[in-house]
There are 2 protein chains.
Amino acid sequence: MSCIPELTKKLRARGYRITPQRLVILQALHEGGHLSPLQIYDRVHETGISEPTVYRTLDFLYSNGIVSIATRGNGHMTYELSGDSHHHIICRSCGDQLEIASQLLEPAISLIERETGYQLIASHLTFLGLCPKCNSISK
Amino acid sequence: MSCIPELTKKLRARGYRITPQRLVILQALHEGGHLSPLQIYDRVHETGISEPTVYRTLDFLYSNGIVSIATRGNGHMTYELSGDSHHHIICRSCGDQLEIASQLLEPAISLIERETGYQLIASHLTFLGLCPKCNSISK
DNA sequence: CTCCTTATTGCAAATAATAACAATAGTTAT
DNA sequence: ATAACTATTGTTATTATTTGCAATAAGGAG
C-alpha cells in the first residue's frame, strides 16, 4: 500500500522528518509482523535506538495511519504495518484469532463516513467475541 | 442492559466470585462513565482497594464483556460499562470525539457473525479517522 | 452454622511506559 | 556547501502497569 518513498513524501509534506530510527522501526515491523513495543525494542536497540524513541515512534506512526494496533488483549498492544486491510476477531475465552476479510465491513464503513463526514482510518479493527467452540460450552 | 443481580448470577455460573472490590469498581464506573485505571483507583482507594486489584478487576470485567475499552488514544485506555451500545470516532488530528449510533454497524456485525460463527462482543468500538475540518486542512 | 476448596486480594518487587529537557540532526533556504 | 530553524533523539527520572506469593474470604457441601 505505502512504500517507503511515498511515505516519506507524505510525512515531509506534513512537516515531519524522516530519521534513521523511524526507518529502522518500520523495517522491523516489516520483517516481524505483529510486534509489541518491547519486542521491537529488542530487535532494534543494538542500533542505539532508545526505548522512549520506540514508543514515540509507534505513536507517531499510528497517528499517521502508517501502523495499526493489531491486538489489545489484556492491555498488551501489538502493532503492525497498515496496508493490507483485514480485521481480527479474538475469542475472549480461548484467545483464538480469526481474520475477517475487509469486504465484510466496507459497506458499514462507507455508511459511517457518509453519515458523519469523517474519513475513517479502519485498516485493522479488532473485535472481541466468542468462538463457536467456547460459545457452545458456555451455554 | 445488565443490572447487578443478573451479572452476579452470570459470573457465579462461570465459577467466578462476587467481591466487594468488584462491586465498588463497578459502582465507580457507573458513576464516573469513562475512567482510566488510575482515575478509578483515586475514587476507590479509600475503601482499601489496592492498585493491582483495580487493574486485575478491569481485565476481568473486560474479558467478561461487562466493561469495554472506550478509548485507546496514545496508549491511555479508559474503561466504561458496557450496556448502552454505541461507538466512537476519534479524529486522529484534533482528538475530537463523535458518537456513532449502533444501528449503523449492526448489519455488518450480524454479517460477520454469520460468516465466522463467532458471537461478537461489540458494544463499544472505537474508530480512528479525520473529522471534516481536519480533513479539509490536510489537503 | 461450620468446614473446605480455591478464586481473589494486598503487599512488595519487577517491568513497562511516559515526561522533561538539553543535545543532536533532518530539512529548507541561502 | 553552509547556516538557521526546529522536529526528533537520548538521558535521566517519574509514573503506570504487571507479577509472584502468602494471606484472605466467597461460595458450595455437609
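Heavy-atom basis, side chains included; hydrogens, waters and symmetry copies ignored. Each chain gets a letter, A, B and so on, in the order the sequences are listed, and its residues count up from 1. Bear in mind the structure is a predicted one, so any value in this text is a computation, not a measurement.
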Rounded distance (Å) that lies between atom P of dT8(C) and atom CD1 of Ile18(B) = 9 Å
request  = Starting at atom OH of Tyr55(B), determine the distance to atom C1' of dG20(D), rounded to an integer number of angstrom.
outcome  = 18 Å
message = Measuring from the side chain of Leu38(A) (C-beta onward, heavy atoms only), which nucleotide among dA16(D), dT9(C), dA16(C) has the closest atom?
response = dA16(C)
query = Between Glu113(B) and Leu120(B), is there a donor-acceptor pair closer than 3.5 Å when you use the side chain of the first and the backbone of the second?
reply = yes
inquiry  = Rounding to an integer number of Å, can you tell me how far Tyr16(A) OH sits from dT28(C) C1'?
reply    = 18 Å
ask   = Okay, side chain of Gln39(B), backbone of Ser36(B): is any donor-acceptor separation there less than 3.5 Å?
value = yes
Between the protein and nucleotides 28-30 of chain D, are there any N/O to N/O pairs under 3.5 Å, and if so, what are the atom names and distances?
none

ask   = How close or far is atom P of dA16(D) from atom CG of Leu58(B), stated in whole angstroms?
value = 15 Å
ask   = Do any of residues 40-52 of chain B sit with a heavy atom less than 4.0 Å from DNA chain C, and if so which?
value = Gly48(B), Ile49(B), Ser50(B), Pro52(B)
ask   = Closest heavy-atom contact between Gly65(A) and Ser82(A)?
value = O-OG, 3.1 Å
query = Sequence neighbours excluded, which residues qualify as side chain to side chain contact (heavy atoms under 4.5 Å, CB included) partners of Glu99(B)?
reply = His86(B), His88(B)
key: Euclidean distance, atom CZ of residue Arg56(A) to atom P of dA16(C) [Å, nearest integer]   = 18 Å
key: Set of residues satisfying side chain to side chain donor-acceptor pair (under 3.5 Å) with respect to Ser50(B), sequence neighbours excluded   = Thr53(B)
key: Shortest non-hydrogen contact between Tyr118(B) and Leu98(A), atoms and distance   = CE1-CD2, 3.7 Å
inquiry  = Quick check on side-chain contact (heavy atoms from CB on, under 4.5 Å): which of Ile18(A), Thr19(A), Val24(A) does Gln21(A) satisfy it with?
reply    = Thr19(A)
inquiry  = Check this for me: does the side-chain of Arg17(A) come within 3.5 Å of the base of dT6(D) through a donor and an acceptor?
reply    = yes
message = Looking at Arg17(A), is its backbone amide N or carbonyl O close enough to the side chain of Arg22(A) to form a donor-acceptor pair, meaning the two atoms are under 3.5 Å apart?
response = yes
ask   = Can you name the residues that form a side chain to side chain donor-acceptor pair (under 3.5 Å) with Glu46(A), not counting sequence neighbours?
value = none
inquiry  = Rounding to an integer number of Å, can you tell me how far Asp59(A) CG sits from dT8(D) P?
reply    = 13 Å
message = When you measure from the side-chain N and O atoms of Thr19(A) to the phosphate of dA7(D), is any distance below 4.0 Å, counting only OP1 and OP2?
response = no
message = Any side-chain to backbone donor/acceptor pair from Thr78(B) onto His34(B)? Under 3.5 Å, distance only.
response = no
ask   = Roughly, in whole Å, what's the span from OH in Tyr62(B) to P in dT18(D)?
value = 13 Å
task = Please work out which residues in residues 20-28 of chain B have a non-hydrogen atom less than 4.0 Å from an atom of DNA chain C and list them by number.
result = Gln21(B), Arg22(B)
ask   = Roughly how many Å is it from CZ in Phe60(B) to C1' in dA26(D), rounded to a whole number?
value = 12 Å
task = Verify whether the ring centers belonging to Tyr41(B) and Tyr55(B) lie closer than 6.0 Å.
result = no
